[in-house]
Amino acid sequence: MEKKTLDFPEEMNPPVVVQESGENLDLCKHKEEEDEDMFLSVEKISRLPVSIKFNIPKKIATKRRRKSEEEEKKAKLSSGDKVLRSDEILRLRKVSRQKYMKNREKKKVDEFRDQIEDEVLLNDGVKMTEKEVTEFRYKKKLYELLKKTEDDDVEGYRIPDAYDQEGCIDQKKRFAVAKERYCERRSGRGVTEQEAWEDHQAQKARVSFGAKDKKGVVDGFEFVFDDLKGLVEEYSEAESGKHRGCYSKTVGEKAREERELLPIHGYREELLKLIEENQVLVIVGETGSGKTTQIPQYLQEAGYTKRGKIGCTQPRRVAAMSVASRVAQEVGVKLGHEVGYSIRFEDCTSEKTVVKYMTDGMLLRELLTEPKLDSYSVIIIDEAHERTLSTDILFALVKDVAKVRPDLRLIISSATLEAKKFSEYFDSARIYLIPGRRYPVEKLFRKWPEPDYLETVIRTVVQIHQTEPIGDILVFLTGQEEIETVETNLKRRMMDLGTKGSEIIICPIYSNLPTELQAKVFEPARKGSRKVVLATNIAETSLTIDGIKYVIDPGYCKINSYNPRTGMESLLVTPISKASAEQRAGRSGRTGPGKCFRLYNVKDLEPTTIPEIQRANLASVVLTLKSLGIQDVFNFDFMDPPPANALLKALELLYALGALDENGEITKVGERMVEFPVDPMLSKMIVGSEKYKCSKEIITIAAMLSVGNSIFYRPKNKQVLADTARMNFYVGTENVGDHIALLRVYNDWKERNYSTEWCYDNYIQSKSMKRARDIRDQLLGLLNKIGIELTSNPNDLDAIKKAILAGFFPHSAKLQKNGSYRRVKEPQTVYVHPNSGLFGVSPSKWLVYHELVLTTKEYMRHTTEMKPEWLIEIAPHYYELKDIEDTRPKKKQRRSERASTSKVDTNKKTRTSKVDTNKKAKR
DNA sequence: GAGCACTGC
């Protein structure tokens, strides 16, 4: 009580500022100078679009200061603030009249600047008009004149910062002040600020019961964010131990000591108690709380490992590896002994392993052999909010397992936005909040979407470069094409600007970029220059770049969605979700306070992205479920059920492939197929290769196809050379298709001893080839496991093509008169993809293709010529003679064909619905 | 003559 009145009079508490999105940006409890700055800057955030800002000195603002209070209220309302009660305002004034006036001043300055900006905005997107240029000059002049009279030494134009009345406060200084305060407190009172803070936080972290206490959860969570202030530096030092110079202690010792500095440390006992008492616990642990590394250790220390392993899933391989290595260090054991990880192609565990990190897909695979997870005592599903296909399936499966195993503990770790949903899903499981730790990120945004965001991106980069303190810039773009466009335009712009100012180094990064070119992103920029990273979504979660201080986020990304009706995939440029926006902004606050320039308004965004399970091809998912003995996939306990027609399509396909029988139960073939971690059509192709004595070739092709479309590298300036190199794999007497070409690429590479140089010479990505080799090795092992003999038939291309058709017979297409193709079983026109070796050569009449993609047209990717009679030979249950009949009289036959097709369709439907009914009956 | 974000088993 005393503390409160003495140090922080209540009337001095800044008002709670709510951004338009509803987030509480600043909830400082202590009245300090920077609080007011923060208040101002937050207020600015809610009103200022990002563009050239003019720093108008106080003078103008002073003139406008004496406006009525009503107007002030209005202004506050319009900026999204909660209006202060008028008595509070009066008291506030009493206490700090002068300061308040200064704030007013600033506010009015901002308003004035807004007016100017609105005018600038009118000309936004278009190139500089005469009017704009004149205005620009005029304002510059005005500014300079005013500057003379004001004793202000700020030069030029800049984006508003968290400034005080004198201008821009250096963020570092700001934190130095905060730290000073922290030191003072420590000496002045018995309680250190850290202790006080921990006390405070301990009250904040609260347990809530499912959705019943939603408000509490949200409030509590948002509360814990930002009052770290003075502690931020303390903590970050602890966290980034590797950056510290002196190593008098061993790395392990240091790591162990640092454990105690993590925010989660204070909640250890409470957390353990909760886990003991509750079978399922949803944990909201913010970035930097230490949950991923600490919880498994706490559980181990509490003796959980006596009953079984502690498994912790991660959505990404690198995460599983690096976290495991960190924990092994902290515990002081060798990685792979007591602490290990398990990812595809790499099992770094032993019999001793009690804490096991793994990818979510890996746990799903383990469930196939160990349905009750008997060897585990605790399962932690980390980053559950990312909602990968695997985690979504895992949710339902572990929920089921938990019912039959009361001793099993389940911890679901998620970000705020979805915590409530997870809790509801797990039968109102408890939610526990652990505060995180991170640097503050100032968010500036546009009220309206940008008409030409690439241009705005370039302008913002230039502006940051000219007006903001040193620090690298990260720009989020949707794809390679955009990255290349921005790169060339930005270079041009920088040239136009001449030599004044320091240089910028542009680093593009996207997953298809060869590794050696990707490395450039991680090199620190030369002294005096600034790095500008142009990245796709890869920089959102997958890789972290040090030194980023500014993030420019246009708010879009490409999302893959699968259309079950047409069986076609397409990549769509889509607005990101609020969750993504937060994640992107956070990328600027990793090593120090950051700034994020949003070229959109957060309030226009959806809260979360559509989960993958609702937009993916489900063939593989359904086969996995069937193999786990889940009969009724329609009533499976999905957190967000996928569309019914997507499930139906998957069932139909699996039935056609022979993986399911007419009752919808998994067959022998299906059991074999499920062993292979590839798409069901590919696994059927592998299983089918046994018959054609070419399993060796087929697993190579399957591996190459699994890698995707990143085998051939096609740099912009060497396209012709790259294309010529690619066509070398197609030469031969026969019409070599894309599948055979891929086989040749692999075999040639193997012949050259897997040479990287050979890859360079042939415009092939060695990274992809190495991946293909890994996959092939794995497939080889599995072939052995299920007892398919490794046979080779390299010269019988027909045998290989037939084996391909064994899996891909539904993907057949026939040439039409106009040169396009038509799918045999679906009334759909498709085209050979321009990247195919069959593109532009004398067309083959019948083709089998690997996949359909919708870009500018409906394209077949990876196609190979085939003979129509093979369709009947291989898939007599699927094709009739009519389907492949060559010549026919025009009208009559067509009608009959249509009739027969629809008949087949009806048959299929009845079959499927029969499958369904049976399942329901069984249930 | 088009163009492919990112993961995972």
Side-chain angles (χ1 to χ4, degrees), chain A residues 313-320 342-347 358-369 383 386-394 476-485 509-513 535-543 556-561 569-574 576 580 583 609 611-613 615-616 620-621 623-624 627 673-680 682-683 702-703 706-716 719-720 722-723 765 768 771 774-775 778-779 782 831-836 839-840 851-859 861-862:
Chain A
T313 71
Q314 294 291 320
R316 275 168 296 278
R317 294 162 51 90
V318 232
S342 172
I343 56 178
R344 189 182 184 182
F345 313 130
E346 221 181 310
D347 186 5
M358 61 192 127
T359 44
D360 45 16
M362 211 64 203
L363 185 62
L364 199 56
R365 284 271 140 190
E366 276 188 25
L367 267 161
L368 289 177
T369 49
E383 314 284 353
E386 288 198 25
R387 305 291 305 273
T388 66
L389 206 51
S390 304
T391 33
D392 261 29
I393 301 162
L394 277 177
F476 283 101
L477 298 166
T478 62
Q480 185 179 349
E481 197 186 353
E482 271 187 19
I483 288 175
E484 281 165 359
T485 313
I509 185 149
Y510 43 90
S511 76
N512 261 358
L513 192 75
T536 58
N537 243 5
I538 194 170
E540 193 177 301
T541 46
S542 306
L543 56 88
Y556 293 99
C557 68
K558 276 187 184 168
I559 282 200
N560 193 357
S561 61
E569 283 188 336
S570 53
L571 278 172
L572 296 172
V573 174
T574 323
I576 58 169
S580 285
Q583 179 70 23
T609 319
E612 199 183 352
I613 199 153
R615 46 185 174 84
S620 182
V621 171
L623 186 61
T624 310
S627 141
M673 281 165 62
V674 88
E675 288 292 327
F676 296 95
V678 291
D679 186 81
L682 281 173
S683 58
S706 298
V707 168
N709 54 335
S710 57
I711 302 278
F712 297 103
Y713 178 52
R714 211 162 170 259
K716 238 185 178 172
Q719 288 187 351
V720 184
D723 287 347
Q765 298 215 39
S768 304
R771 193 175 151 72
D774 283 339
I775 298 174
Q778 191 187 24
L779 295 178
L782 292 167
Y831 303 85
V832 174
H833 197 281
N835 280 1
S836 163
F839 183 81
E851 60 183 353
L852 277 186
V853 286
L854 177 67
T855 51
T856 48
K857 267 181 178 177
E858 293 85 357
Y859 285 114
R861 208 141 64 181
H862 296 126

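Owing to the predicted nature of the structure, the values given are computational and were not obtained by experimental measurement. So that the names make sense, note that chain A is the first sequence line, chain B the second, and so on, each numbered from 1.
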**Student:** Would you tell me if any nitrogen or oxygen in the side chain of A:Ser511 comes within less than 4.0 Å of OP1 or OP2 on B:dC6?
**Tutor:** yes
**Student:** Any idea which of B:dA2, B:dA5, B:dC9 is nearest the A:Tyr859 side chain?
**Tutor:** B:dA2
**Student:** Check every atom of B:dA5, B:dC9, B:dA2 against the side chain of A:Ile343 and return the nucleotide holding the closest atom.
**Tutor:** B:dC9
**Student:** So, taking the atom named NE2 in A:His862 and the one named CG in A:Asn709, what distance separates them when rounded to the nearest 0.5 Å?
**Tutor:** 7.0 Å
**Student:** To the nearest angstrom, how far is A:Ile483 atom CD1 from B:dC6 atom P?
**Tutor:** 8 Å
**Student:** Checking all strands, does A:Asn512 fall into the base, sugar-phosphate, or nothing category for heavy-atom contacts under 4.0 angstrom?
**Tutor:** base
**Student:** I want to confirm an ordering. Mapping A:Leu389 and A:Gln480 to their closest nucleotides on DNA chain B, which one lands closer to the 5' end?
**Tutor:** A:Gln480
**Student:** Rounded to the nearest 0.5 Å, what separation is found between the OG1 atom of A:Thr391 and the CG atom of A:Asp360?
**Tutor:** 5.0 Å
**Student:** Could you grab the distance from atom NE2 of A:His833 to atom NZ of A:Lys857, nearest 0.5 Å is fine?
**Tutor:** 11.0 Å
**Student:** Quickly work out the A:Asn709 CG to B:dC4 P distance and round it to whole Å.
**Tutor:** 9 Å
**Student:** Rounded to the nearest angstrom, tell me the gap between atom CD in A:Glu482 and atom P in B:dC6.
**Tutor:** 13 Å
**Student:** Which is true for A:Phe676 with a 4.0 Å heavy-atom rule: it touches a base, it touches only sugar-phosphate, or it touches nothing?
**Tutor:** nothing
**Student:** So which nucleotide from B:dA2, B:dC9, B:dC4 ends up closest to the side chain of A:Pro834?
**Tutor:** B:dA2
**Student:** For the side chain of A:Ile538, starting at C-beta, report the closest nucleotide among B:dC6, B:dA2, B:dC9.
**Tutor:** B:dC6
**Student:** When we call it a touch if two heavy atoms are under 4.0 Å apart, what does A:Asn537 touch: a base, just sugar-phosphate, or nothing?
**Tutor:** nothing
**Student:** Classify A:Glu540 by what it touches in the nucleic acid, base, sugar-phosphate, or nothing, heavy-atom distance under 4.0 Å.
**Tutor:** nothing
**Student:** B:dT7, B:dA2, B:dC9: which one has an atom nearest the side-chain heavy atoms of A:Glu612?
**Tutor:** B:dT7
**Student:** Counting the atoms with a prime plus P, OP1 and OP2 as sugar-phosphate, which does A:Thr856 contact under 4.0 Å by heavy atoms, base, sugar-phosphate, or nothing?
**Tutor:** sugar-phosphate
**Student:** Quick one: label A:Arg316 by what it contacts on the DNA or RNA (base, sugar-phosphate, nothing), any heavy atom closer than 4.0 Å.
**Tutor:** sugar-phosphate
**Student:** Can you name the side-chain contact (heavy atoms from CB on, under 4.5 Å) partners of A:Leu513, sequence neighbours left out?
**Tutor:** A:Tyr510, A:Leu517, A:Gln518
**Student:** Report the nucleotide, chosen from B:dC4, B:dG8, B:dA2, that has the shortest atom-to-atom distance to any side-chain atom of A:Gln719.
**Tutor:** B:dA2
**Student:** Rounded to whole angstrom units, what separation is found between the CG atom of A:Asp774 and the C1' atom of B:dC9?
**Tutor:** 13 Å
**Student:** Counting only side-chain heavy atoms from C-beta out, which of B:dA2, B:dT7, B:dC4 sits nearest to A:His833?
**Tutor:** B:dC4
**Student:** Could you tell me which residues satisfy salt bridge (Lys or Arg N to Asp or Glu O under 4.0 Å) with A:Arg316, sequence neighbours excluded, listed by chain and number?
**Tutor:** A:Glu386
**Student:** May I have the distance from A:Glu569 (atom CD) to B:dC4 (atom P), rounded to whole angstrom?
**Tutor:** 12 Å
**Student:** Does B:dC9 have OP1 or OP2 under 4.0 Å away from a side-chain N or O of A:Arg317?
**Tutor:** yes
**Student:** Specify the separation, in whole Å, of atom CZ of A:Arg714 and atom P of B:dG1.
**Tutor:** 13 Å
**Student:** Please check the phosphate of B:dG8 (OP1 and OP2 only) for any side-chain N or O of A:Ser390 closer than 4.0 Å.
**Tutor:** no
**Student:** To the nearest Å, give me how far apart CG (A:Leu571) and P (B:dA2) are.
**Tutor:** 18 Å
**Student:** Is A:Ser342 reaching over with its side chain to a backbone N or O of A:Met358, donor-acceptor style, under 3.5 angstrom?
**Tutor:** no
**Student:** Of the options B:dC9, B:dT7, B:dA2, whose atoms approach the side-chain atoms of A:Pro677 most closely?
**Tutor:** B:dC9
**Student:** Over how many whole Å does the gap from A:Asn560 atom CG to B:dC4 atom C1' extend?
**Tutor:** 9 Å
